Amino acid sequence: MAYDFWYWPEIPGRGEFVRLTLEACGIAYRDRAREGGADALIADMADHGEAPAFAPPYLAIDGVAIAQTANILLYLSERHECGPSGMKSRYWLAQLQLTIMDMVAEAHDVHHPVGVDLYYEDQKAEALRRADGFRNARIPKFLGYFERALAAQSRSWLAGGRWSYADLSLFQLVAGLRYAFPLRMATLAQQFPAVMALHDRVAALPELQDYLASERRLPFSEDGIFRHYPELDAP
């Protein structure tokens, strides 16, 4: 049986972190809003009864919505035994994923520091100030943490000898940052070689080659979380 997966159809966004795991683990799913459009997503959310999702992405399973990116990935990893198992790795990966999503939220807030209900053009002055701090303090702080996390492992991945959903998500995070802040990320690349090498290992995974080369893999754009505004980037 295929999962019903719901996320906005036009952008990769937070849904892409879930798609990467679905694709790499070979889990059958229907990308429902890609099939029916954004109106179908809105209608499905309005039809939720008990335990509704606050926002996409979410999986619809037997009338229940499993929402929040980190929560979905924990569920998929455990149910499908896709990635390291065991108590230690279970909570370690969840911790890493939550940290990744913290950085995703901060990356979004660079171009929307005042409010999501305003256009970027309405808050450009504030975005310039926010971008300076994000580039110079927050990106190195987060990437430094992931670099240390990888250095603590005796193998190539974040939790042992096989890739996990956290590795896939760190790949997506680095890809998004490279799109949004190409100058800054080029400057930082040599400081965080383990993180950059992990990105490249995930990009080369045989399990992902068909997906990454397909039209299902949506490109980044100025409508999503990671946006490239040249005035917000600097070495």
Side-chain angles (χ1 to χ4, degrees), residues 5-21 31 33-34 37-38 41-42 54-58 67-70 72-73 97-146 168-189 191-192 195-196 198-200 202-203 211-212 214-235:
F5 172 65
W6 292 92
Y7 191 70
W8 302 110
E10 304 91 354
I11 57 174
R14 290 172 178 83
E16 192 66 11
F17 295 92
V18 180
R19 284 195 194 95
L20 285 169
T21 289
D31 211 331
R34 295 269 184 92
L41 168 60
I42 294 169
F54 176 72
Y58 62 89
Q68 293 289 355
T69 304
I72 297 168
L73 294 174
Q97 187 65 42
L98 288 165
T99 307
I100 289 169
M101 301 318 294
D102 284 345
M103 192 178 190
V104 170
E106 290 198 24
H108 171 272
D109 289 348
V110 168
H111 52 78
H112 274 73
V114 178
V116 296
D117 55 330
L118 301 174
Y119 290 108
Y120 165 67
E121 288 73 19
D122 297 325
Q123 47 195 316
K124 289 182 71 171
E126 294 86 355
L128 285 169
R129 294 182 61 190
R130 186 67 172 262
D132 183 73
F134 185 72
R135 290 193 315 267
N136 295 310
R138 302 304 287 170
I139 294 180
K141 185 176 182 70
F142 276 103
L143 294 187
Y145 169 73
F146 297 126
L168 306 180
S169 291
L170 186 53
F171 157 80
Q172 180 67 7
L173 175 64
V174 172
L177 292 172
R178 284 178 169 176
Y179 173 79
F181 305 99
L183 297 177
R184 184 57 174 150
M185 289 297 288
T187 301
L188 291 172
Q191 295 183 34
F192 308 108
V195 172
M196 302 307 158
L198 181 137
H199 168 277
D200 295 344
V202 172
Y211 175 64
L212 294 178
S214 73
E215 294 182 356
R216 302 193 308 279
R217 170 74 169 173
L218 293 180
F220 296 108
S221 72
E222 278 51 79
D223 294 317
I225 294 171
F226 299 101
R227 303 186 187 186
H228 177 58
Y229 297 117
E231 62 271 23
L232 300 184
D233 189 23

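These values consider heavy atoms only, across backbone and side chains, with no hydrogens, waters or symmetry-generated copies. Positions are given from 1 along the sequence. Values in this document were obtained by computation on a predicted structure and should not be read as measured data.
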*Side chain to side chain, D122 and V114, heavy atoms closer than 4.5 Å*: no
*Closest contact, heavy atoms only, I139 versus M185*: CG2-SD, 4.1 Å
*Spacing of L143 atom CG and L170 atom CG [to the nearest 0.5 Å]*: 8.0 Å
_Aromatic ring pairing Y229/H111, orientation class (parallel under 30°, perpendicular over 60°, tilted between)_ = perpendicular
*asked:* A side-chain contact here means heavy atoms from C-beta on lying under 4.5 Å apart; do F134 and D109 qualify?
replied: no
*So, the side chain of H228 versus the backbone of E222: is there a donor-acceptor pair under 3.5 Å, distance only?*
no
_Any salt bridge linking E126 with R129? Criterion: basic side-chain nitrogen under 4.0 Å from a carboxylate oxygen._
no
*Salt-bridge test for R130 and E106: reply yes if a basic N is under 4.0 Å from a carboxylate O, no otherwise.*
no
_Residue pair E231 / K124: nearest heavy atoms and the distance that separates them_ = OE2-CE, 3.8 Å
*Looking at side-chain heavy atoms only, is the closest gap between V104 and F17 below 4.5 Å?*
yes
*Apply the side-chain contact (heavy atoms from CB on, under 4.5 Å) test between P57 and each candidate in F5, W6, W8; give the one that qualifies.*
F5
*Considering non-hydrogen atoms only, spot the tightest contact between L73 and S169 and give its length.*
CD1-OG, 3.7 Å
*Nearest-0.5 Å distance that lies between atom OH in Y145 and atom OG1 in T99*: 4.5 Å
*asked:* In the structure I gave you, are the side-chain heavy atoms of L232 and R227 within less than 4.5 Å of one another anywhere?
replied: no
*How long is the span from the CG atom in L183 to the CG atom in L188, to the nearest 0.5 Å?*
11.0 Å
*Between F226 and A107, which heavy-atom pair has the shortest distance, and what is it?*
CE2-CB, 3.8 Å
*Got Q68 and L98 here, is their nearest side-chain heavy-atom distance under 4.5 Å?*
no
*Can you name the closest pair of heavy atoms from L41 and A33 and give their distance?*
CB-CB, 4.1 Å
_I'd like to know whether R19 forms a side chain to side chain contact (heavy atoms under 4.5 Å, CB included) with L168, so could you lay out the CA-CA distance, the side-chain angles of the two residues, the decisive distance to 0.1 Å, and finally the verdict._
CA-CA 10 Å; R19 284 195 194 95; L168 306 180; over 6 Å; no
*Rounded to the nearest 0.5 Å, what's the gap from OG1 on T187 to CZ on R135? Could you check?*
10.0 Å
_Full working for side chain to side chain contact (heavy atoms under 4.5 Å, CB included) between V18 and Y58_ = CA-CA 9 Å; V18 180; Y58 62 89; over 6 Å; no
*Is there a donor-acceptor pair under 3.5 Å between the side chain of R184 and the backbone N or O of A234?*
no
_Using every non-hydrogen atom in the two residues, find where P9 and A38 come nearest and quote the distance to one decimal._
CG-N, 3.8 Å
*Look up atom OG1 in T21 and atom CD in Q172, then write down how far apart they are to the nearest 0.5 Å.*
10.5 Å
*Nearest 0.5 Å, what's the CG-CE distance between L173 and M103?*
5.5 Å
_When you compare the side chain of I72 with that of R14, does any pair of heavy atoms fall below 4.5 Å?_
no
